[in-house]
Structures are given as structure tokens and as C-alpha cells.
Amino acid sequence: MKVTDPTEFGALLAEHYRLIGERSMRDLPVYNDSLSVEAVGFELHGEVIAGILITPWFMNVVLLPLDDRLASQRPGASFAHGFPVGTLDFTVADIDAVGRIGTCSLFSPMFDFGDIDTARATATAALAEIVSPRVDPAAANGRPASAVDRRSLLRGSLTGART
Amino acid sequence: MGAGTETFYDVIRRQGITRRSFHKFCSLTATSLGLGPLAATRIANALETKPRVPVIWMHGLECTCCSESFIRSAHPLAKDAILSMISLDYDDTIMAAAGHQAEAILEETRAKYKGQYILAVEGNPPLNEDGMFCIDGGRPFVEKLKLMAEDAQAIIAWGACASWGCVQAAKPNPTQATPIDKVITNKPIIKVPGCPPIAEVMTGVVTFITTFGRLPELDRQGRPKMFYSQRIHDKCYRRPHFDAGQFVEEWDDEAARKGFCLYKMGCKGPTTYNACSTVRWNGGVSFPIQSGHGCIGCSEEGFWDKGGFYDRLTNIKQFGIEKNADQVGMAAAGVVGAAVVAHAAVTAAKRLATKRDDADHTK
């Protein structure tokens, strides 16, 4: 059965990658011994669960769509998902424990992080940037936020002067 | 020779290309530059109204793979578009002129378009023995290069040769092959590394410069950010296998057939900044990792002297992330306070997001 609870999803994911770390990654030069696996900020955002997964060899934004949009995608395929910060491209991955997810790389390898606290702080800050609505200076001035609006279209100011 | 005030649009219309195709080309180009739909309109507008920019394309010590890549741009219009958009006045590989006639073109362009033409350089000059290892038109290439650079508006360094030196500069570098930015120090140089660079990247750079009349935004190493700010590793379709610790252990094993990660087979994706894993090659058909071979890191400085292509990367700590201009704060993040961490995180998050707004690039 598919996981629908964000916290449970984060925990399952962390457990899965903890095992991978022990089994396959620990002896490789890309493994940062001062870090551990941790799921940060997994929450429901509309139709998707999103959060950041920290491991000693990568930090990814992880997405679990609750609809079946990934059912027809091949693992390794790329799909886009819109967040307030902009559109992020995710790669489809099949994970035994949780099923089909999307991953988007933030950092890898992880040698710039001296300890898990720094990594966690970075993940929290990155997640905040990704999911918080962007304050548009134009909108704050009472002007339309979008560059394409009816008024400028009709006035022809989108295309500029053709001399 | 020079097209006077003729625009790109005039030329392609004369060649029988429809207005519809022209607009399609503009929007495809805008997309490849990572710009929004408004930029396509601006590109179209510029190509219809601005006179064509003359380009001089010189060859030093090189193998011509950059030219081969360039003329194989996937878009059906590329042959007409790019070769019409730029008035390619001199390129000893594809021009009809030869001998004294060819040399005369250089002089003529230099005089007529002083400070306006773009100098595209493929290959590099060897400096040893007063440049005698590369003679072009009866004199050392380095002299010709310096002369043409003097009156150029901007200079494009095509490929790993012009940008970093490449194999002809490999230790002990007997001819003293030298990247062009060590020879030309008073002009803006845009580096488009790769061996060769991706065709769409090359045409994208030329289109940007000719359309907007300036260089695109560059990183600290002088590469256009729009194509060189992503690492192969970050956008690789095999990345989930790396994350899951699933590696090819030897050629043609079960893991290789399943398409697992090639890190253990020497893939340099984790330290290579290029657009291969997103733009891909041959019109987006494939790229080395997709055909089962690791990335050799051909767009990175010194890749030819960094050990075997099949040696596993073990010194990732020394290069890679910190070379990315967008992440300069990261190296210090381990020791400095929360402000630096937050800054690095925000920068990394923004870097992931597709541009919502093309204003920064096209104004």
C-alpha cells in the first residue's frame, strides 16, 4: 500500500538509505563519515509530499506524488514540478520501500558539510526557499506580477518597437 | 564578404525559408538558452532589424572537432540559420577562398568592421620556438591571433583547446601550447569548453551574442552560466542508481546491462560541468553515459592530465563543487555561521529552478 503520511514517508526513506549506506556506500571515497542519513521537512504540498533527504553521499529534494502521474514514466525519465521558487526537474526513481519517487539533486558529494547540523540547517533553508511564495517586487508596487498581461499585450509593449 | 546592413532575416527569406520556420527557430533558440517565450519575440525582433555580425573563425593547434560539432547542429534550420545569422567571413575549414584571397579577407574585415566583429578561435597557439609549431599563412599562428584579436568586439574560445589547452598541452607540453586567454588579456573572452562542445551550446552562444550584442552571463572561469552551471552528475538519468549504491563493477556485467551508475568505472560526472546530461548529443538522442561509457570530463580544465579515463574518482574533495561560482559560499559553510549556510542553500535552491523570468538575460 502506498504511503500517504509525510512523516512516515520520510522515515521509510531514511531507513532505506541508511541500509544502502551501510551496504554499498560506506567504503567509497564519496562517503562523508561525519554525516548520517536524515529526512528533513517532509510535508504535504498540494498533491505531493516533498522534503529533503540528507545522506553522507548526497542531499536531494525528494518528491512523492500522491496521484498516479509517475505510473507511466520510466525510471531515469525526467519530469517537472512547479514550486513557488520555480519549476524543478525531477528524475524518476524506483525505491523498493516506498515505490516510485522523484529526486532532484542539491549537493553530491557532501564534503562541504562538516557535520549533520550544518547539513540540516542548509536543507531547512533550501526547503524554505523552494516552498515559500516568492515576493515579487513588481507585485508589491501594485503592478501586475506577470510579464504577460492583457494591457501590455494590447499596447504592443511586449514586442518592443519595430523600426 | 561582409553583408553591409543586411539583416539575418533578409538573408534567410531570400533563401526561401518561411516566416513560420523563422519563428520556430527563434523559439527553439530561446528554449535552448533557458529563456522564456518573451525572449523568442526579442530574438525574432533583433534578427529582423539588426545588421548581421561578421565572425572570423580561426584555427590554431586543434583537430577541427569543434567545427564538426558546430555544422552538425540538430535543428534543420541550423545550417541556414547560423551560417546566415553570422556572416562567417573567414573560416579556413569551410570558406571557398584560399591563399592570398583568404588572407585579404582578414585584413578587410579588420579594417571595415573595426571593433565590431567577433573572433571565434578553435585551437590554441604554441608559444615555444617563437610560435614555429603552428604556421598559418606563412607566419606563426600566435601573431595572426593577436592581430585579429586587437580589433575584435569579443572573442569566443571554442572547445577545450582554446579554453584550457587540451591534449596538445599535456605534460610535458613540448610546443608550449597555451590557452588563448593567456595570450589575449585585454578583451572579453567567453570560454565554451568541451571536446568538442555540444552543437546546441555553440549555436546558442553565437545566437545570444549576435542577438543581444553582448556576452551572456559568465561564471568565474569565463564559461556561459546558462550551459555550464549544472554538473553532469546532478542531471544524470542514472543518478538514482548512484544514490541507491547501484554501480557497474566491470564492463558488461549484469549491472551494466541494467544501466547502473558508472562512477566505479571512472565516470567523471561528479566533477564535470556541462550540459550533456540535459541537452544531450546528436539532436538530443544520447550522450556518453547513456551509451554505457563514463563521462571523461572533457569540458574541465586539465582533464587530459588527471589520470586514466577509467580510474575511479577518489579526489573529489579537491575539485568539483567549490569550482561552481554559484556555490562559493559552500566551501566555507562548514566553519562559518548560519548566514553563509542559508545563503548557500538559497543559491542552490534557486539554481535548481528553471528561470521564470527572462528579464535578467535579455535586457
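Just so you know, these numbers use all the heavy atoms, side chains as well, and skip hydrogens, waters and symmetry mates. Residue numbering restarts at 1 for every chain, and letters A, B, ... go by the order of the sequence lines.
- A:Ser108 is listed as a side-chain neighbour of B:Arg239, based on a closest heavy-atom distance under 4.5 Å.
- Under 3.5 Å, the side chains of A:Ser105 and B:His233 contain no donor-acceptor pair of N or O atoms.
- Tested against B:Asp243, the residues A:Asn60, A:Val62, A:Thr55 include a single side chain to side chain contact (heavy atoms under 4.5 Å, CB included) partner, A:Asn60.
- A:Gly76 and B:Tyr237 get closest at one heavy-atom pair: O-CB, 3.2 Å.
- The closest side-chain heavy-atom distance from A:Thr91 to B:Arg238 is not below 4.5 Å.
- The residue among A:Glu129, A:His16, A:Met59 with the most heavy atom pairs within less than 4.5 Å of chain B is A:Glu129.
- The distance from atom OG1 of A:Thr103 to atom CG of B:Asp234, rounded to the nearest 0.5 Å, is 10.5 Å.
- Using a 4.5 Å cut-off between heavy atoms, B:Phe242 touches chain A through backbone and side chain atoms alike.
- A:Ile20 approaches B:Gly245 most closely through the heavy-atom pair CG2-N, 3.8 Å.
- The shortest side-chain heavy-atom distance between A:Pro29 and B:Tyr263 falls under the 4.5 Å cut-off.
- Residue A:Val92 touches chain B through its backbone alone, counting heavy-atom pairs closer than 4.5 Å.
- Not one N or O on the side chain of B:Arg231 forms a donor-acceptor pair closer than 3.5 Å with the backbone of A:Phe107.
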